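Before any comments, here is the structure.
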Amino acid sequence: MQSDETKKILLVDDDVDLLEQNKILIESKGYKVITAENSKEALELFKTQKPDAAVIDLIMEEHDSGFILCYKIKKDERGKNIPVFILTSATYVTGFKFDASTEEEKEWIKCDGMLNKPVVIDDLVQRLESYFKLEESKA
Amino acid sequence: MQNNRKPKVLIVDDEKALRAGTKRLLASEGYEVDTAENGAEGIKLGTSCDYDIALIDLKMPDIDGIQVLQKIIKAFPNTVCIIATGYASYETAIEAAKIGAFSYIPKPFSPEEIFQKLKEAFYKRQILLEAEKLKKERGERLLEVAFEKTRLNTIINSITDGLLVVNKEGQAVLYNPSALKYLQLDNIKIEEYILDKLHPEITGLINKILSTQKFEHKSYSTQIDLNREHQIFVEATSSPVPLPNGSLAGVVVVIKDITGLKKLEILKSQFVSMVSHELKAPIAAVYGYLKLFSDESIVITKEQEKNYILRSQGRLDSLLKMVNDLLDISRMEMKKVNREIKALKILPIINSVIELFQNELKGKEIFLKLNSSENIPFIYADNDEITRVITNLISNAIKYNRPGGTININLDSTASYLSIEITDTGIGMKQQEKEKLFQEFFRAKNEMTRDINGTGLGLSIVKRIIDFYAGKIEVESEFGKGTSFKINLPLRSGMFKTEKEGQIVLNEI
């Protein structure tokens, strides 16, 4: 993968240790990773660094911080064209399984997929890859 | 029926010789005899004492025998009266019987005749007494039954649990007002078919027993969400009611409000899920680092490795602290705290806590000032608990302070309470953060608190301790400026007995 084609992923999590670990894991798959520990930092990075995708933890300052951040990114002209994935352990807490695999769910949650924590990096990478490939084929 | 008792007899006669002769005759046989020499005296005696038998002369100068007899019978209906008359005739006998005489005896009478009459009369008397006794007993028994029934009804109607009894045909037989409430019915008609009017689950419980058509010692229970909107949960239990011969008479349903229990259960599971979440985060972090170390495809530098080990240790440290705090909270909840209540001086406690934090204070260049008015009285409390309160508050005042800030501790007292105020010049709190401050696991999250460690249980523990001593904790805070905690502790709480050699005993918990 050439350097100008290296995709830049914005990773957001308020747990600095998980942030660090996932950064290293995603980088090992050949991506560039920029990290933010909260929604405010994340929005600034999104504007200045122009990432190609965002992976956001759901529960940060509030229980729905991830959804709100996702909404703000998707509202942006450039942001609506990048994939946003939300990480959650809500399934364990609420017993209710979130997903965004169907069009209807994507429309409702406005993100491109929900991933259970702890994240299986190969799954995440696979979903990112398939999204990027789809974009390429469209272009 | 005959017993050895001899009858008590009243003789009313104006003839002195007959009076005396008869008295002597009867007394010789062991009878108890009173005599009256005219009608007036006869009435006086006969209405003041319940004689077994009255022997009354029909013709007397003042009042005639019939009037005397009437008065006596009115006063004592069981006194058996015999009319004595010198003009015995068929008419006299009829007349005497009409007005209530048992019999009559013609005068003069022989000893055999009078004893025969008295024997018959006494037999009659004993039958009358026995009958009266039985009647009285029956009356009392009836009264008792009636009273029992009212009392039982009153009790059943007073029970807060709902009670409904149905017979084998599914008709209502008995219910109390609470049952109407839980069954959500306006009224129940006795003997109306009720099974189609009840909550289906309750009908199900009743049918489980009715369908067997025989009596078995077996109850069925279920919990029902009666009203989702107002959150009313009940537990209904159906049990069979036997007839005296052991066959099935019907079903009794008891409905108990378990809303309080249910709410507690929900709170408990919320707490458990919150605790699990809080415990999971540090475990996931340490697990993640271990996975990085073991993943051969990941290249990390020695420096990174050292950093990650330190971070893992930090997470495990806080995990351990959290578990310890949780155990403390659980002990407080179960009221299993071993307290040693003593008269304590607060100033040395505060000084020893400050001493403990010297390194932190120096490291952050925080200036701490302690002001205390003179003659601060003793408080009666457990030393460890008060130390813990002071430690938590001073630790927070350092952690959330800015470098180079100050901490002011003010100690004061009134006649009834001691006040400790700890004010910092730290990052302060927003209103919504202040409201959640004493909740378990609440921690203010923003860029300024990022690097501050804590379990989120410290202030919750402080509040529980202060609450135990019937004290009060207040917070004032301005975001970005600082926070002030003020504690008021009663100097002598009603919970404690008076001092005994510097140590007092817990009265009640």
Side-chain angles (χ1 to χ4, degrees), chain A residues 11-31 33 35-45 55-66 68-69 87-98 115-125, chain B residues 266 269-301 303-319 430 432-433 436 439 441-453 456:
Chain A
L11 186 61
V12 193
D13 199 322
D14 63 342
D15 187 315
V16 286
D17 291 312
L18 293 185
L19 193 64
E20 176 80 11
Q21 291 157 12
N22 287 333
K23 176 177 186 276
I24 290 173
L25 288 169
I26 298 170
E27 278 175 346
S28 77
K29 301 292 178 184
Y31 294 98
V33 178
T35 60
E37 290 171 31
N38 57 57
S39 304
K40 201 177 149 208
E41 259 181 44
L43 270 180
E44 274 162 25
L45 281 184
V55 178
I56 306 166
D57 185 28
L58 174 57
I59 302 172
M60 291 186 289
E61 303 86 8
E62 300 294 336
H63 277 73
D64 55 356
S65 297
I68 292 166
L69 178 57
L87 307 182
T88 173
S89 52
T91 306
Y92 302 102
V93 179
T94 61
F96 181 76
K97 196 176 177 304
F98 290 100
L115 288 160
N116 277 325
K117 287 172 88 174
V119 195
V120 179
I121 292 300
D122 288 339
D123 289 353
L124 174 65
V125 168
Chain B
I266 291 167
S269 29
Q270 278 173 348
F271 187 73
V272 168
S273 105
M274 200 160 64
V275 169
S276 317
H277 186 77
E278 293 294 328
L279 295 182
K280 221 180 95 185
I283 294 171
V286 174
Y287 181 72
Y289 283 127
L290 290 177
K291 258 193 12 190
L292 279 188
F293 293 151
S294 61
D295 191 336
E296 284 170 8
S297 68
I298 304 290
V299 185
I300 44 172
T301 64
E303 202 180 330
Q304 270 177 314
E305 188 179 287
K306 201 179 158 191
N307 182 24
Y308 295 163
I309 289 174
L310 280 176
R311 282 189 183 197
S312 297
Q313 280 176 345
R315 296 298 293 252
L316 288 178
D317 269 347
S318 70
L319 179 63
K430 294 172 184 163
Q432 67 262 36
E433 292 169 340
K436 295 182 189 166
Q439 285 176 13
F441 299 118
F442 172 77
R443 297 192 63 218
K445 278 186 187 171
N446 54 51
E447 48 266 56
M448 287 192 283
T449 63
R450 181 192 304 165
D451 297 322
I452 302 172
N453 284 319

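Not measured: the values here are computed from a predicted model. Convention: sequence-line order gives letters A, B, ...; per-chain numbering from 1.
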Take a 6.0 Å sphere around CZ of F271(B) and say whether it holds more than 12 heavy atoms from other residues, nucleotides or ligands. yes

Taking the side chain as every heavy atom from C-beta outward, state whether R315(B) and D15(A) have any pair of such atoms under 4.5 Å apart. yes

For L292(B) and Q21(A), the nearest pair of non-hydrogen atoms, with its separation, is CD1-CG, 3.9 Å

Taking side chain as everything from C-beta outward and backbone as N, CA, C, O, which of these in Y287(B) sits under 4.5 Å from a heavy atom of chain A? Side chain, backbone, both or neither. neither

Test applied, side chain to side chain contact (heavy atoms under 4.5 Å, CB included); reference residue, Y289(B); option that passes from I24(A), D17(A), L18(A): D17(A)

Taking everything shown except E303(B) itself, do over 12 heavy atoms lie less than 6.0 Å from its CD? no

